[in-house]
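Step one of this worksheet: look at the structure below.
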Amino acid sequence: MKENPTLHTKSPVSQLNRGLIYQGGALMLSLLFVAVIILLTGESPLHVVSALVDGAFGTPDQFARVFATLTPLVLCASGLIYTFTAGLYNLGVEGQIVIGAIASTLAIRVLQGQLPPPLVIAVSILAGTLGGVLWGLLAGALKVYGNISEIFAGLGLNFVAQGLAIYLIFGPWKRPGIASMSGTEPFDDAFALGRFGQTDAAPVALAIAVIVLVATIVIMRNTHFGLRLKAVGQNPRAAFILGMPSTRLLLSSFLVCGAFAGMAGSLQVVGLFHRLIPSISSNLGFLALLVVMLISFNAVWIAPVAFFFSALNVGSLQLPMALRMESSLSGVIQGMLVLFALLARGFSERNRKTRS
Amino acid sequence: MNIQLTHIYKRFGAVQANDDVSLDVEAGTIHGLLGENGAGKSTLVKMLSGFITRDSGEILLDGKSISVKTPADGIRSGVGMLHQDPLDFPPMSVLDNFINGRPGRLFIDRRSAVKEFKAIAEQFNFVIDTEEQVGLLTMGERQQLEIVRLLSLGVRTLILDEPTTGISASQKTALFAALKKLAKQGKSIIFVSHKLEDVEELCNNVTVMRAGKVVGSSAIPCATSKLVGMMFGRELATPVKPATSRTDTAIKIEGLTIGDDRMDVRVNDLSIKRGEVIGLAGLEGSGQRLFLLTCAGVLRPFAGKLMVNADGRLAEMTGKSYHQFQKAGVGYLPADRLREGLIWGLTIQEHVVLRTPSDGLFVNREASHSVAETAIKTFNIRGKTDTRVGQLSGGNQQRTQLALLPTPLNLVLMEHPTRGLDIESTIWVWQQLIMRCQGGTSIIFASSDLDEIVQYSDRVIVFSGGKVSEPIATAVLTASKLGEMIGGKFIGASAS
């Protein structure tokens, strides 16, 4: 019925309601599903919930760790908003974190002792950002000029980045005497970002994440750049015909995402681990992909969802001790949430199509 | 098969698309379903064939009430539908398309499928190579394939939705002959169209719909004015393009060679005056689109020169980018509005923002809102500033595309500017375009509607299988001459 002269608009309220009903239903279903899994393992879901809450917020240390996880998650999720809006599945975000961490480590190794420590930290974060930009643009160039799907380009580059990190840790940058999975030699405390007391949370890192998040929300809502990314993401051909510089926009989205992921990798080094370790990304890039898919690419929801996921991740570390359960339960919960949310969106979409 | 639809209702959101519609079609007749775009014709036949489900009402086939929920249900009860845009698989071969959707066992019996295909195709003098890739067929051939496929599935009622849009005159003749033959065999045909002359030529009976309701029906022949009256409730006048008076050149072409992997097209020297309208006639896929895309700067020519009059002097544009063409005042309006021209999920206002050159980082909402409001008012778009263009009807999408064209422009390039539009919208679109011409804009447009070409062009260029005619003044052009040229007989015209 595309030829109908009158509009097929439904009142926005009813559309919103239906979306909410579906999303709410998805949430209930996924929780129900998780509860069943917990019951099957012979535990009570209520016990698990209280153990999770206790694990995440029980002590100031644990609470701080939630924020330490939240920082890179928010950065990567903010970056992914740009690529998803441009219609790109930037699975290379993991590799961009790793390269950011490597570049950041390199900067400290080269500059320590030559510049005042605060300056070294600043340059290190900048270097990490640039590293991420480089890795993001590489995936983008493969996509735009090489016609390689950004999914495969990204996954391939992830392996390269991870390989490079391990090579450095076990090769040129190995600890004096013995190379080990525990990473490179830790830096002097002077090159670590300040923290809240003795906890894992670094206020500067958190502030950077907040600034990036707010900027992302504003850019997506109010700028020409945000609107053009949307246009290219929804219909590259029509965007081109309407006069958008499609290639440049696609590359910029990779650039921005790479920058934020690289920044996240850098903060993992200077803010949390103080050295390069093999699992420097802690799979937070993939977790950020889940966050962004769960919120249908709407940046406003990054903060609450990322916070929830961080709390879940940190809280679940307590499960083996408190209830002798696997800590991977948090992964199950997150996976279920996203899967059911996507399903709900699919159903809602299908329903909309069959109605019109 | 006798078909009775009684008291059918269907609502899409706020729109009552079918409002108590009843229709009787006798076996062995061709029944026309006539009406403007959006009258509810397609909705009605889609419910009969199972593509959408009705809200209420009854469908009786040979007196038996049936429920059709899917197209497969429809075919099982003997109803097959030919869609406006063919529902086939362009990358697959004709034979594979024919086999798909047939009830079958584990293994495919290609040989008997070929035999069956040929047997049916021969009955109607359809000539299609079973090994050809469907994407390379013309619109008309794809239609023929679909008809053969549906008949092989035992369909006894055939619905055709706007089948004469986008096919050549000879294919239309073949189609009409086939439909008449099918009716003689006792099959019932429902012919959905907004073209009066097609209905008058082909159908035995006609039912006219307007705004979701049946407004009348009649046996054919019947007076044209009566049908027009039913369709619109009033008479319509076509706008007339005044003769071009300017003498300065808008675009100049010197020996252009263009092409894609299928064909090469050579266009001889050509110069178009400001305010002039050039119609490109020919079967679809004969090179018109390539020519338009080249003039727009989207496609680069292999050889030759292209000059555009920007700011009063001819500027060489060969090899320049699409963006530089846009800067030189060249506008391009694609035929496929939602695939190439507009972005489904963005609103009218957002399109306005995308089109305006941005000064500064932030979007100026108030300014773009008022620009969008003015555009909606002047272009009579039935939508609001925050309406997504995907929710607009085809006619309103075309109005939006026109509204988004910058002013002033030196050259407008269009493919099928009024395809799929009802007569009222068509007239309106051309009024706008003629106004632009009077302001000095030149237009080059391709259309498969010969009447449209003869009506509005100053000169016509005919494309036929890669050959391009010299431009012919419309004043000395006759319909029969145009028809011959489209068929490839160029009299006194250069062949490449």
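Computed from heavy atoms alone, side chains included, the values below leave out hydrogens, waters and symmetry copies.
Lys320(B) NZ: more than 12 foreign heavy atoms inside a 6.0 Å radius.
Of the two parts of Arg339(B), only the backbone, made up of N, CA, C and O, holds a non-hydrogen atom closer than 4.5 Å to a non-hydrogen atom of chain A. Looking at Glu350(B), both its backbone and its side chain come within 4.5 Å of chain A, counting heavy atoms on both sides. With a threshold of 4.5 angstrom between heavy atoms, Leu346(B) approaches chain A through its backbone and through its side chain. Contact annotation for Leu293(B): only side-chain heavy atoms (C-beta onward) come within less than 4.5 Å of a heavy atom of chain A. Only the backbone of Leu338(B) has a heavy atom closer than 4.5 Å to any heavy atom of chain A.
Using cut-offs of 30° and 60° for the angle between ring planes, the Tyr322(B) and Phe240(A) rings count as tilted.
Under the rule for a salt bridge (Lys or Arg N to Asp or Glu O under 4.0 Å), Lys327(B) has no partner lying at least two apart in sequence or in another chain. Here Asp161(B) pairs with nothing under the salt bridge (Lys or Arg N to Asp or Glu O under 4.0 Å) rule; sequence neighbours left out. Residues satisfying the ring pair (Phe, Tyr, Trp, His ring centres under 6.0 Å) test with His224(A), not counting sequence neighbours, are none.
Side chains of Ile219(A) and Leu361(B) form no contact here, defined as non-hydrogen atoms less than 4.5 Å apart. Residues Val363(B) and Arg221(A) fail the side-chain proximity criterion, which asks for heavy atoms closer than 4.5 Å. Taking the side chain as every heavy atom from C-beta outward, Tyr332(B) and Ile241(A) approach each other to under 4.5 Å.
Put simply, CZ on Arg365(B) and CG on Asn222(A) are 5.0 Å apart, with the number rounded to the nearest 0.5 Å.
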Please test His351(B) against Leu242(A) for side chain to side chain contact (heavy atoms under 4.5 Å, CB included), starting from the C-alpha separation and ending with a verdict. CA-CA 9 Å; His351(B) 277 85; Leu242(A) 283 170; 3.9 Å; yes
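With Gln234(A) contributing its side chain and Gly345(B) its backbone, the two residues share a donor-acceptor pair below 3.5 Å.
Residues of residues 244-252 of chain A lying under 4.5 angstrom from chain B, judged on non-hydrogen atoms, are Met244(A), Pro245(A) in numerical order.
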